[in-house]
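Report on one structure; see the data block that follows.
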Number of protein chains: 2
Amino acid sequence: MAHDHAMPTDLTRNQGLVLGALNHAPAPLSAYDILDLLRSEGLRAPLQIYRALDKLVERGLAHRLESLNAFVACADEHCHRKGLIAFAICEGCGKVDEFADPVIEERLGNWARETGFKTERTTMEIRGRCAECLKAA
Amino acid sequence: MAHDHAMPTDLTRNQGLVLGALNHAPAPLSAYDILDLLRSEGLRAPLQIYRALDKLVERGLAHRLESLNAFVACADEHCHRKGLIAFAICEGCGKVDEFADPVIEERLGNWARETGFKTERTTMEIRGRCAECLKAA
DNA sequence: ATCAATACGTTATAGCATAACATCGCCGCA
DNA sequence: TGCGGCGATGTTATGCTATAACGTATTGAT
């Protein structure tokens, strides 16, 4: 099912190319992976990729996985996802599952309120093995 | 308060130096920051730092902050901390607050059980501003 | 004494990310 | 129409983060 997500029409050429690459990938891609995929389209420098990624992440069309130094397309077709998202990353096949948990969000919110911490961004990443890879083992 | 934590006696020289550097730092340090602090002790190569860090992290004496590519000493004096730990990282002063929340742990456990995912490691990092920095602003 | 396991030291290299500067195209507006 | 701002682009150079591959040294058990 790694195919045509709804693709916004107001992306620039580079942003579109980068998002396309992410959409068609079965697993997270590093900026340099993306660059290699897009050399045939005329992209040459890391910065071209990073700039596009910055915009995509800013708009929630892509996510950065901190523990991997890599990026994935947002799994939510219409990218309505607000707030906290958790990622489950399979070390076997590389697939990433994206989910939100309101209870966790609430707990973190409570903690922040109690300690006076102003949250700007939360990253939550689970590493392990997905059901399929466990079955295959 | 950034001083003498209980320091295990069975550390190697390099491990002790690295943990010492982390213990005395007011904020997370990158491996290269640590290297610079320890050149006077004769350390010269990144690998010497990374190897020590690997052991320290493995034993729970230090933690890696994925969103920072940096390391901190474990805040728990006796390092009894098991399971999931969340980190709140202040973008102002760099201070890191470490806490555990059993409810969050339970929620993640439930999610894993339901989807058949075998969790190996979880990272949870909150970026924002601490109460002190907000007051100072 | 020997062997295995672990730590150490060193050089080289791979992988991830941004600084700095010049150009171009688009759009609003005098 | 032309000016000016803004955001995207292209390019070169550089900096930061992490590991590969090799050899030596130390330790500890049998």
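Below, chain A is the first sequence line, B the second, and so on; all start at residue 1.
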For [X], check salt bridge (charged side-chain N to carboxylate O under 4.0 Å, His left out) against everything at least two apart and list the hits.
{"X": "B/Glu66", "result": "B/Arg64, B/Arg121"}
{"X": "A/Asp33", "result": "none"}
{"X": "B/Arg107", "result": "A/Asp101"}
{"X": "A/Glu91", "result": "A/Arg127"}

Next item on the list: Not counting sequence neighbours, list each pair that qualifies as a ring pair (Phe, Tyr, Trp, His ring centres under 6.0 Å) and has a residue in residues 110-137 of chain B.
Entry: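 As it turns out, the ring pair (Phe, Tyr, Trp, His ring centres under 6.0 Å) pairs with a partner in residues 110-137 of chain B, which skip direct neighbours, are A/Phe99-B/Trp111, B/Trp111-B/Phe117.
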Using whole Å, report how far [atom1] of [X] lies from [atom2] of [N].
{"X": "B/Arg39", "N": "C/dT10", "atom1": "CZ", "atom2": "P", "answer": "12 Å"}
{"X": "B/Glu41", "N": "C/dC8", "atom1": "CD", "atom2": "C1'", "answer": "16 Å"}
{"X": "B/Leu17", "N": "C/dG9", "atom1": "CG", "atom2": "C1'", "answer": "15 Å"}
{"X": "A/Asp33", "N": "C/dA17", "atom1": "CG", "atom2": "C1'", "answer": "14 Å"}
{"X": "A/Leu35", "N": "C/dA14", "atom1": "CG", "atom2": "P", "answer": "17 Å"}

Note to self: Filter on side chain to side chain donor-acceptor pair (under 3.5 Å), then keep only pairs touching residues 37-46 of chain A, sequence neighbours left out; what's left?
What the structure shows: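 Listed once each, the pairs are A/Asp36-A/Arg39.
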Pairs under 3.5 Å (N/O, protein and nucleotides 5-7 of chain C):
residue: C/dA7; atom: OP2; partner: B/Lys55; partner atom: NZ; Å: 3.3

Item checked: A/Glu125-B/Thr123 side chain donor-acceptor pair, cut-off 3.5 Å ->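 No, no side-chain donor-acceptor pair sits under 3.5 Å.
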Note to self: Tell me if the side-chain of A/Tyr32 makes a donor-acceptor pair with the base of C/dA14, cut-off 3.5 Å, by modelled atom types.
What the structure shows: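 There is none.
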Checklist line | Cluster companions of A/Leu134 among Ile, Leu, Val, Met, Phe, Trp, Tyr (side-chain spacing under 4.5 Å) | finding: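 Via sub-4.5 Å side-chain contacts, A/Leu134 links to none.
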Next item on the list: Tell me who clusters with A/Val103, hydrophobic residues only, linked when side chains sit under 4.5 Å apart either directly or through other members.
Entry: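 Its cluster partners, ordered by chain and number, are B/Val103.
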Item checked: Salt bridge present between A/Asp54 and A/Arg59 (N-O < 4.0 angstrom) ->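 Looking at A/Asp54 and A/Arg59, the cut-off is not met.
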Check: First and last nucleotide of DNA chain D in contact with chain A, 5' to 3', at under 4.0 Å to a heavy atom: what are they?
Finding: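 First-to-last contact on DNA chain D, by the 4.0 Å heavy-atom rule, is D/dA8 to D/dT12.
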Notebook entry, point to check: Between B/Asn69 and C/dC16, does any side-chain N or O lie under 4.0 Å from OP1 or OP2?
Noted result: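 Checking B/Asn69 against C/dC16: no side-chain N or O falls below 4.0 Å of OP1 or OP2.
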Checklist line | All ring pair (Phe, Tyr, Trp, His ring centres under 6.0 Å) counterparts of B/Phe71, not counting sequence neighbours | finding: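 Partners of B/Phe71 by the ring pair (Phe, Tyr, Trp, His ring centres under 6.0 Å) criterion come out as none, since no residue qualifies.
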Check: Which residues, if any, of residues 42-53 of chain A bring a heavy atom under 4.0 Å of DNA chain C?
Finding: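 Correct list: A/Leu47, A/Tyr50.
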